[in-house]
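Notes follow once the structure below has been shown.
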Amino acid sequence: MALKRMILEIGMGNDLHGGDYTKAAVRAVQDAVHHSSLSMIRSLGIDWKEVRITITIGVQNPDTIDADAVKATLPGGQITVHSVQGGLDIPDPGADDLAVIATAAVEVFVDLP
């Protein structure tokens with residue numbers, strides 16, 4: 001059997017005040033997963049412990065992402081989080097504030113023949 005990507009969902013999230021990249025990343029993952037229902041996993045009788053999920057997060061400061069907080073947004077599976085350069089920072093110099101935008105790609109893989 002081989003791992004096959006069954007689902008690819010894309011999401012966007014932001015933190016409008018405070019520049020919290022993890023908060024924006026969590027919102028991006030939630031946005032992605034709320035676009036689909038993973039009932040296929042249940043319908044095929046696949047154990048969630050066997051599902052592999054890869055999350056790629058794009059933000060301007062990828063080293064600040066709390067991978068465990070991002071993983072906690074999903075119901076199960078073997079989750080890997082990769083943070084890469086991306087997203088967008090929007091400074092507000094007048095208020096000494098930073099809005100950040102994160103993008104997320106959520107890939108779901110299952111072992112199929």
Side-chain angles (χ1 to χ4, degrees):
M1 299 234 261
L3 281 178
K4 301 213 179 185
R5 184 172 73 183
M6 302 302 293
I7 297 169
L8 169 63
E9 288 290 347
I10 307 297
M12 188 275 299
N14 62 65
D15 180 27
L16 293 177
H17 302 285
D20 187 327
Y21 293 101
T22 297
K23 185 185 289 185
V26 165
R27 290 175 175 171
V29 171
Q30 290 172 341
D31 181 52
V33 298
H34 287 114
H35 289 288
S36 64
S37 171
L38 299 180
S39 59
M40 166 195 66
I41 302 297
R42 183 179 51 247
S43 296
L44 292 174
I46 298 170
D47 185 346
W48 265 104
K49 290 181 252 175
E50 302 301 317
V51 174
R52 296 200 187 156
I53 301 170
T54 300
I55 301 171
T56 304
I57 300 291
V59 292
Q60 286 292 297
N61 197 350
D63 295 335
T64 65
I65 296 296
D66 178 349
D68 289 331
V70 173
K71 288 178 186 181
T73 65
L74 298 179
Q78 300 172 38
I79 304 167
T80 304
V81 176
H82 301 286
S83 300
V84 298
Q85 186 73 36
L88 184 65
D89 284 358
I90 304 115
D92 182 353
D96 192 30
D97 199 8
L98 179 66
V100 297
I101 299 173
T103 54
V106 179
E107 299 172 277
V108 178
F109 297 87
V110 294
D111 203 8
L112 295 174

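For the single chain, residues carry numbers from 1 onward in sequence order. Bear in mind the structure is a predicted one, so any value in this text is a computation, not a measurement.
The distance from the CG atom of L98 to the NE2 atom of H17 is 11.0 Å, given to the nearest 0.5 Å. Taken from NZ in K49 to CD in Q78, the straight-line distance is 10.5 Å, to the nearest 0.5 Å. Distance check: T73 OG1 to I55 CD1 gives 5.5 Å after rounding to the nearest 0.5 Å.
The side-chain heavy atoms of R52 and L3, taken from C-beta on, include a pair separated by under 4.5 Å. Between T54 and F109, the closest side-chain pair of non-hydrogen atoms falls below 4.5 Å.
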Under the side-chain contact (heavy atoms from CB on, under 4.5 Å) criterion, do I53 and T80 qualify, and how do the steps go? CA-CA 6 Å; I53 301 170; T80 304; over 6 Å; no
May I have the step-by-step check of side-chain contact (heavy atoms from CB on, under 4.5 Å) for V59 and I65, ending in yes or no? CA-CA 9 Å; V59 292; I65 296 296; 4.0 Å; yes
Criterion side-chain contact (heavy atoms from CB on, under 4.5 Å) on V70 and D68, from CA distance to verdict: CA-CA 5 Å; V70 173; D68 289 331; over 6 Å; no
Between L88 and V100, does the side-chain contact (heavy atoms from CB on, under 4.5 Å) criterion hold? Intermediate values first, please. CA-CA 6 Å; L88 184 65; V100 297; over 6 Å; no
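The hydrophobic clustering, which links ILVMFWY residues whose side-chain heavy atoms are closer than 4.5 Å, places W48 and L74 together. Hydrophobic clustering, with ILVMFWY side chains joined whenever heavy atoms are under 4.5 angstrom apart, keeps I57 apart from I10.
When atom types are taken as modelled, the side chain of E9 and the backbone of V106 share no donor-acceptor pair closer than 3.5 angstrom. A donor-acceptor pair is defined here as one N or O able to donate and one able to accept, closer than 3.5 Å; such a pair exists between the side chain of D97 and the backbone of G18.
Within 6.0 Å of CG in D47 there are more than 12 heavy atoms belonging to other residues, nucleotides or ligands.
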Output a table of donor-acceptor pairs, distance under 3.5 Å, between side-chain atoms of residues 22-32 and any protein atom two or more places apart or on a different chain; print 'none' if there are none.
{"unit_1": "T22", "atom_1": "OG1", "unit_2": "T64", "atom_2": "O", "d": "3.3"}
{"unit_1": "T22", "atom_1": "OG1", "unit_2": "D66", "atom_2": "N", "d": "2.9"}
{"unit_1": "R27", "atom_1": "NH1", "unit_2": "N14", "atom_2": "O", "d": "2.9"}
{"unit_1": "D31", "atom_1": "OD1", "unit_2": "H35", "atom_2": "NE2", "d": "3.3"}
{"unit_1": "D31", "atom_1": "OD2", "unit_2": "M12", "atom_2": "N", "d": "2.9"}

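Listed by chain and number, the residues in a salt bridge (Lys or Arg N to Asp or Glu O under 4.0 Å) with R5 are E107 (sequence neighbours excluded).
Y21 and D63 are not linked by any side-chain donor-acceptor pair at a separation below 3.5 angstrom, with hydrogens and angles left out of the test.
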